[in-house]
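Encoded as structure tokens, the structure appears first; notes follow it.
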Amino acid sequence: MREALFIKQNTQRWKDYENSKATSPDELAESFISITDDLAYAKTFYPKSNTTKYLNGLAAAFHQSIYKNKKEKTNRFITFWRYELPLIFYKHRRPLLYSLLFFLVFCLMGALSAKYDNTFVRLIMGDDYVNMTNENIAKGDPFGVYKQEGSFLMFLFIAANNIKVELMIFVMGIFLSVGSIYQLLMNGVMLGSFQYYFFSKGLGLKSIMVIWLHGTLEISAIIIAGGAGLIVGNSLLFPRTYTRVASLKNGAKDGLKIAIGIVPIFIVAAFFEGFVTRHTEMAIWQSVTILTCSLVFIIWYVILYPANLNRKLNRNNLTINETTY
């Protein structure tokens with residue numbers, strides 16, 4: 001169709017759309033659909049004409065009329081951690097479990113390596129750190145490393161470093177999950193050898209009461225970050241009925257939500273390490289309380305609450321279906 005004929009046939013309708021003040025949502029939607037159809041036709045056959053520019057402006061005006069009063073949910077920030085993130089945990093509970101199993105195996109490898117190789121701890125932790133810790137043990141303050149810096153600066157540094165490590169674990173999942181597994185290997189072996197070192201010095205129980213004040217949340221979040229990386233990698237390896245690109249987009253979206261969602265856990269862990277762990281003289285009951293609360297929170301928020309929330313949603317869906325039919 002020639003452009004002149006196209007304009008002649010539709011000019012009056014466009015003017016009516018432009019001058020009318022439709023208030024009904026159905027009328028607005030119908031007009032918007034009609035205008036966008038005309039715009040698509042004009043872009044195809046007259047891409048550089050004034051007609052196309054006019055229709056584009058008219059369509060934009062209708063779009064603004066439809067969406068200008070759309071209200072965003074003010075509680076989006078809350079619902080993310082209350083509903084969305086727990087449901088993602090439940091949806092991807094297997095990658096999270098695999099991440100935990102990988103990490104435990106790597107910790108055991110680190111502990112056994114430290115047990116049967118006297119140089120292994122120095123290889124992993126570095127001579128400076130081991131020598132410093134030996135000096136602190138000799139002084140009667142084996143965990144003095146947590147008192148070297150000011151609380152606030154230590155908190156900032158540790159929070160930034162932990163988030164950096166978390167993002168690295170997550171992003172490396174793009175390499176078919178192998179990258180995230182490698183990062184779990186590095187962190188697991190380090191933790192295993194580090195923890196065995198204190199047990200070998202007769203400080204096993206004391207190390208748990210001190211190090212795991214912050215370590216419970218920190219290590220749990222690292223394992224969760226590993227699960228997020230596995231989600232990304234598995235989406236590439238096992239796309240199922242999706243195309244590989246679509247599967248990757250879905251996996252990356254869920255993995256990123258997990259990576260963002262656990263940032264507050266890293267921040268709280270860094271706060272504990274900067275402000276609480278340095279108090280090595282803390283009473284055992286205080287340490288046990290913090291450890292227990294941290295562990296209970298992780299188990300509840302990552303495992304129990306998501307499963308319960310999923311059951312409630314399924315039950316509600318069943319009730320709706322029964323009522324409908």
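In what follows, every heavy atom counts, from backbone to side chain, and hydrogens, waters and symmetry copies are set aside. These numbers were taken from a predicted model, which means no experiment stands behind them.
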Common cluster, [X]/[Y], ILVMFWY with side-chain heavy-atom separation under 4.5 Å:
X: I219; Y: I298; answer: yes
X: L96; Y: V296; answer: no
X: L237; Y: Y242; answer: no
X: I224; Y: M186; answer: yes
X: F80; Y: F77; answer: yes

Taking atom [atom1] of [X] as the centre, report whether more than 12 heavy atoms of other residues, nucleotides or ligands fall under 6.0 Å from it.
X: M282; atom1: CE; answer: yes
X: M168; atom1: CE; answer: no
X: F275; atom1: CZ; answer: yes
X: F175; atom1: CZ; answer: no
X: L5; atom1: CG; answer: yes

From [X] atom [atom1] to [Y] atom [atom2], the distance as rounded to the nearest 0.5 Å:
X: N56; Y: K43; atom1: CG; atom2: NZ; answer: 5.0 Å
X: L156; Y: F152; atom1: CG; atom2: CZ; answer: 4.0 Å
X: L191; Y: C107; atom1: CG; atom2: SG; answer: 4.0 Å
X: I124; Y: T119; atom1: CD1; atom2: OG1; answer: 10.0 Å
X: I231; Y: Y98; atom1: CD1; atom2: OH; answer: 12.0 Å
X: K206; Y: F199; atom1: NZ; atom2: CZ; answer: 13.5 Å

Please determine which of V302, N310, L309 meets the side chain to side chain contact (heavy atoms under 4.5 Å, CB included) test together with F89.
V302
Taking [X] for the side chain and [Y] for the main chain, is one N or O donor matched with an acceptor at less than 3.5 Å?
X: S99; Y: P95; answer: no
X: S193; Y: M190; answer: yes
X: R93; Y: I88; answer: no
X: T52; Y: K48; answer: no
X: T44; Y: A40; answer: yes

Considering only heavy atoms from C-beta outward, does the side chain of [X] approach that of [Y] to under 4.5 Å?
X: N187; Y: F106; value: no
X: V121; Y: F194; value: no
X: I35; Y: W14; value: yes
X: F155; Y: I267; value: yes
X: I260; Y: K257; value: no
X: I211; Y: T277; value: no
X: I222; Y: E166; value: no
X: T243; Y: P239; value: no

Contact summary for [X] and [Y], nearest pair of heavy atoms:
X: A269; Y: E218; result: CB-N, 3.8 Å
X: P264; Y: W81; result: CG-CZ2, 3.9 Å
X: A228; Y: G255; result: CB-O, 3.6 Å
X: L184; Y: F103; result: O-CD1, 3.9 Å
X: P86; Y: P306; result: O-CB, 3.0 Å
X: L230; Y: S180; result: N-OG, 4.2 Å

With side chain to side chain donor-acceptor pair (under 3.5 Å) as the test, would you mind laying out the steps for E84 and T79 before giving the verdict?
CA-CA 7 Å; E84 189 172 353; T79 56; 5.8 Å; no
Side-chain donor-acceptor contact under 3.5 Å, [X] with [Y]:
X: N308; Y: Y90; answer: no
X: R240; Y: S247; answer: no
X: K147; Y: T280; answer: yes
X: N250; Y: S235; answer: no
X: R94; Y: N234; answer: no

So that I know where these two stand, are [X] and [Y] an aromatic pair - ring centroids less than 6.0 Å apart?
X: Y46; Y: F6; answer: yes
X: Y41; Y: F45; answer: yes
X: F198; Y: F143; answer: yes
X: H279; Y: Y146; answer: no

Test S207 against K201 for side chain to side chain contact (heavy atoms under 4.5 Å, CB included), laying out the working first.
CA-CA 10 Å; S207 69; K201 299 293 184 179; over 6 Å; no
Derivation and outcome, side chain to side chain donor-acceptor pair (under 3.5 Å), residues Q195 and W212:
CA-CA 10 Å; Q195 191 65 72; W212 288 89; 2.8 Å; yes
Could I get the full list of ring-ring contact (aromatic ring centres under 6.0 Å, His included) partners for F297, not counting sequence neighbours?
Y301
Show your working on side chain to side chain contact (heavy atoms under 4.5 Å, CB included) between L185 and M109 and close with a plain yes or no.
CA-CA 9 Å; L185 169 66; M109 289 170 54; 4.2 Å; yes
Are I284 and V288 close enough, and set up right, to give a side chain to side chain contact (heavy atoms under 4.5 Å, CB included), and what steps lead you there?
CA-CA 6 Å; I284 293 180; V288 171; 3.9 Å; yes
Start with the C-alpha gap between N134 and Y197, add the side-chain angles, then the distance that decides, and say whether side chain to side chain donor-acceptor pair (under 3.5 Å) holds.
CA-CA 10 Å; N134 286 336; Y197 172 74; 2.3 Å; yes
Applying side chain to side chain contact (heavy atoms under 4.5 Å, CB included) to D254 and I258, what does each step give before you reach the verdict?
CA-CA 6 Å; D254 286 350; I258 291 177; 5.6 Å; no
